[in-house]
A.B. asks: 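Attaching a single structure in structure tokens format; questions to follow.
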Amino acid sequence: MISLSINDKRVEIDTDPGTPLLWVLREHLGLVGTRYGCGAGLCGACTIHIDGEAFFACQTPVGDVADGQIVTIEGLSEQGDHPVQRAWIAEQVPQCGYCQSGQIMRAAALLARNPRPSRQEIIEEMSANLCRCGTYARIVRAIETAAEEA
């Protein structure tokens, strides 16, 4: 059994320690907001927070994070009103929406670490996450909007 702290709740999981955290979240716990995109750490659809930092859940063995505080999109804000989530709506970021939970999680980690990032810092940080619909300009605007709100 592996004990994890996910979204401020302690859970016990009976799985191999090498199982990717993504599958534990989705298949064992039903937290499907964390998306499977590529499975290779190349797209960022599975971005979650571990101890406040953005990580690819598809590349993180569950056994490596037993002592960490894991936050998924479901745990970012109970009411869905995190400043980044509000900015995403205000700037009408999503098109298909598939990558957006990962985008939001990476943006929230950036703003927690750097509340007033420059446009270039935003672009560099967000380059780890892909958007097949190409909503990059809206993503940058939303992060700038969320930074102004904080």
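Start at 1 with the first residue, then count along the sequence.
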A.B. asks: OH/Tyr36 to CG/Leu22 distance, rounded to the nearest 0.5 angstrom?
C.D. replies: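 The CG atom of Leu22 is 8.5 Å from OH of Tyr36, to the nearest 0.5 Å.
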A.B. asks: Any idea which heavy atoms bring Trp88 and Ala142 closest together, and the distance?
C.D. replies: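 Heavy atoms only, the tightest pair is CE3-CB, 3.5 Å.
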A.B. asks: Spell out, yes or no, whether Val93 and Ile104 are grouped together once hydrophobic residues are joined by side-chain heavy atoms under 4.5 Å, including indirect joins.
C.D. replies: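 Yes: a chain of side-chain contacts under 4.5 Å links Val93 to Ile104.
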A.B. asks: Taking Asp51 for its side chain and Gly68 for its backbone only, find out whether a donor-acceptor pair lies under 3.5 Å.
C.D. replies: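 No; zero donor-acceptor contacts below 3.5 Å.
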A.B. asks: Could you give the distance from CG (Asp8) to CD (Glu78), rounded to the nearest 0.5 Å?
C.D. replies: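 Going from CG on Asp8 over to CD on Glu78, the span is 9.5 Å.
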A.B. asks: Does Arg35 use its side chain to pair, donor to acceptor, with the backbone of Tyr98 at less than 3.5 Å?
C.D. replies: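 Confirmed, Arg35 side chain pairs with Tyr98 backbone.
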A.B. asks: Which heavy atom of Thr135 sits nearest to which heavy atom of Gln95, and what is that distance?
C.D. replies: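 Smallest interatomic distance, heavy atoms only, reads CG2-CB, 4.0 Å.
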A.B. asks: Say you draw a straight line from OG of Ser3 to CZ of Arg10; how long is it, rounded to the nearest 0.5 Å?
C.D. replies: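 Separation between the atoms: 3.5 Å.
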A.B. asks: Taking atom CG as the centre, does Asp16 end up with more than 12 heavy-atom neighbours from other residues, nucleotides or ligands that are less than 6.0 angstrom away?
C.D. replies: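 It does: Asp16 CG has more than 12 such atoms within range.
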A.B. asks: Does the side chain of Ile50 come within less than 4.5 Å of Gln69's, by heavy atoms?
C.D. replies: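 A side-chain contact is absent here, since even the closest heavy-atom pair is not under 4.5 Å.
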A.B. asks: State the CE-CG distance between Met1 and Asp14, to the nearest 0.5 angstrom.
C.D. replies: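 So the gap between those two atoms works out to 5.5 Å.
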A.B. asks: With hydrophobic residues grouped by side-chain heavy-atom distances under 4.5 Å, do Leu76 and Phe55 end up in a single group?
C.D. replies: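 Leu76 and Phe55: separate clusters.
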A.B. asks: Take Ile139 and Met126, measure what side chain to side chain contact (heavy atoms under 4.5 Å, CB included) needs, and give me the verdict at the end.
C.D. replies: CA-CA 9 Å; Ile139 289 168; Met126 297 308 293; 4.1 Å; yes
A.B. asks: Could you check whether any side-chain N or O of Arg138 sits under 3.5 Å from a backbone N or O of Gln92, counting only pairs where one atom can act as donor and the other as acceptor?
C.D. replies: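 Pair found, side chain donor or acceptor close to backbone of Gln92.
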A.B. asks: Flag yes if more than 12 heavy atoms outside Arg113 fall under 6.0 Å of its CZ atom; otherwise flag no.
C.D. replies: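 Atom CZ in Arg113 is packed in, count exceeds 12.
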A.B. asks: How close do Cys58 and Gly41 get, counting heavy atoms only, and between which atoms?
C.D. replies: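 In this case the closest contact between Cys58 and Gly41 is SG-N, 3.3 Å.
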A.B. asks: Check whether any side-chain N or O of His82 sits under 3.5 Å from a backbone N or O of Ala108 as a donor-acceptor pair, and report yes or no.
C.D. replies: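 No, because the side chain of His82 does not come within donor-acceptor range (under 3.5 Å) of the backbone of Ala108.
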A.B. asks: Going only through I, L, V, M, F, W and Y residues with side-chain contacts under 4.5 Å, is there a path from Ile73 to Ile143?
C.D. replies: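 Yes: a chain of side-chain contacts under 4.5 Å links Ile73 to Ile143.
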A.B. asks: Using the rule that two of Ile, Leu, Val, Met, Phe, Trp, Tyr join whenever any of their side-chain heavy atoms come within less than 4.5 Å, decide whether Trp23 and Ile13 are in one cluster.
C.D. replies: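 Unlinked, Trp23 and Ile13 end up in two clusters.
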A.B. asks: Could you report the tightest heavy-atom contact between Met105 and Val71, atom names first, then the distance?
C.D. replies: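 What the structure gives for the nearest pair is CE-O, 3.3 Å.
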A.B. asks: With a 3.5 Å distance limit and no angle check, can you tell me whether Tyr136 reaches the backbone of Cys131 through a side-chain donor-acceptor pair?
C.D. replies: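 At least one qualifying donor-acceptor pair exists.
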A.B. asks: Give the C-alpha distance, both sets of side-chain angles, the deciding distance and a yes or no for side chain to side chain contact (heavy atoms under 4.5 Å, CB included) between Val32 and Leu25.
C.D. replies: CA-CA 7 Å; Val32 296; Leu25 295 172; over 6 Å; no
A.B. asks: Just by distance, do the side chain of Thr60 and the backbone of Leu21 share a donor-acceptor pair under 3.5 Å?
C.D. replies: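 Not a single qualifying donor-acceptor pair exists.
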A.B. asks: Might you work through the side chain to side chain contact (heavy atoms under 4.5 Å, CB included) test for Leu42 and Leu130, ending with a clear yes or no?
C.D. replies: CA-CA 8 Å; Leu42 301 171; Leu130 301 178; 5.6 Å; no
A.B. asks: Do you know which two heavy atoms are closest between Leu111 and Pro117, and how far apart they sit?
C.D. replies: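 Of all heavy-atom pairs spanning Leu111 and Pro117, the closest is CD2-CD, 3.6 Å.
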A.B. asks: Look up atom CZ in Arg106 and atom CD in Glu125, then write down how far apart they are to the nearest 0.5 Å.
C.D. replies: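 Arg106 atom CZ to Glu125 atom CD measures 5.5 Å (nearest 0.5 Å).
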A.B. asks: Please enumerate all residues that pass side-chain hydrogen bond (donor to acceptor under 3.5 Å, both in side chains) together with Glu148, with sequence neighbours excluded.
C.D. replies: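 With sequence neighbours excluded, Glu148 shows a side-chain hydrogen bond (donor to acceptor under 3.5 Å, both in side chains) to no residue whatsoever.
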A.B. asks: Provide the closest heavy-atom pair for Ala45 versus Ser101 in the form atom of the first, atom of the second, distance.
C.D. replies: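 Heavy atoms of Ala45 and Ser101 come nearest at O-OG, 4.0 Å.
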A.B. asks: State, yes or no, whether a side-chain contact exists between His49 and Glu53 at a heavy-atom distance under 4.5 Å.
C.D. replies: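 SC-SC contact between His49 and Glu53 ruled out.
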A.B. asks: Give a yes or no on whether the backbone of Leu4 and the side-chain of Glu12 come within a donor-acceptor separation of less than 3.5 Å.
C.D. replies: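 Not confirmed, Glu12 side chain does not pair with Leu4 backbone.
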A.B. asks: With no hydrogens and no angle check, is any side-chain donor or acceptor of Arg26 less than 3.5 Å from a backbone partner on Thr34?
C.D. replies: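 It does hold such a pair.
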A.B. asks: Would you find a donor on one side and an acceptor on the other, under 3.5 Å apart, between the side chain of Gln100 and the backbone of Gly97?
C.D. replies: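 Checked: no pair found.
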A.B. asks: Would you please say whether a donor-acceptor pair under 3.5 Å links the side chains of Glu74 and Thr72?
C.D. replies: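 Short answer, yes.
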A.B. asks: Is there a path of hydrophobic side-chain contacts, each under 4.5 Å between heavy atoms of I/L/V/M/F/W/Y residues, joining Leu29 to Val62?
C.D. replies: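 Both belong to a single hydrophobic cluster.
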A.B. asks: Under the criterion side chain to side chain contact (heavy atoms under 4.5 Å, CB included), I'd like the reasoning laid out for His28 against Thr15: C-alpha separation, chi angles, the key distance, then a yes or no.
C.D. replies: CA-CA 9 Å; His28 293 265; Thr15 191; 4.0 Å; yes
A.B. asks: What is the distance from atom SG of Cys46 to atom CG of Asn129, rounded to the nearest 0.5 Å?
C.D. replies: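 One gets 8.5 Å once the value is rounded to the nearest 0.5 Å.
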A.B. asks: Taking the side chain as every heavy atom from C-beta outward, state whether Asn7 and Ile70 have any pair of such atoms under 4.5 Å apart.
C.D. replies: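 Answer no - side chains too far apart.
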A.B. asks: Just wondering, more than 12 heavy atoms not from Asp81 lying within 6.0 Å of its CG?
C.D. replies: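 More than 12 within 6.0 Å, yes.
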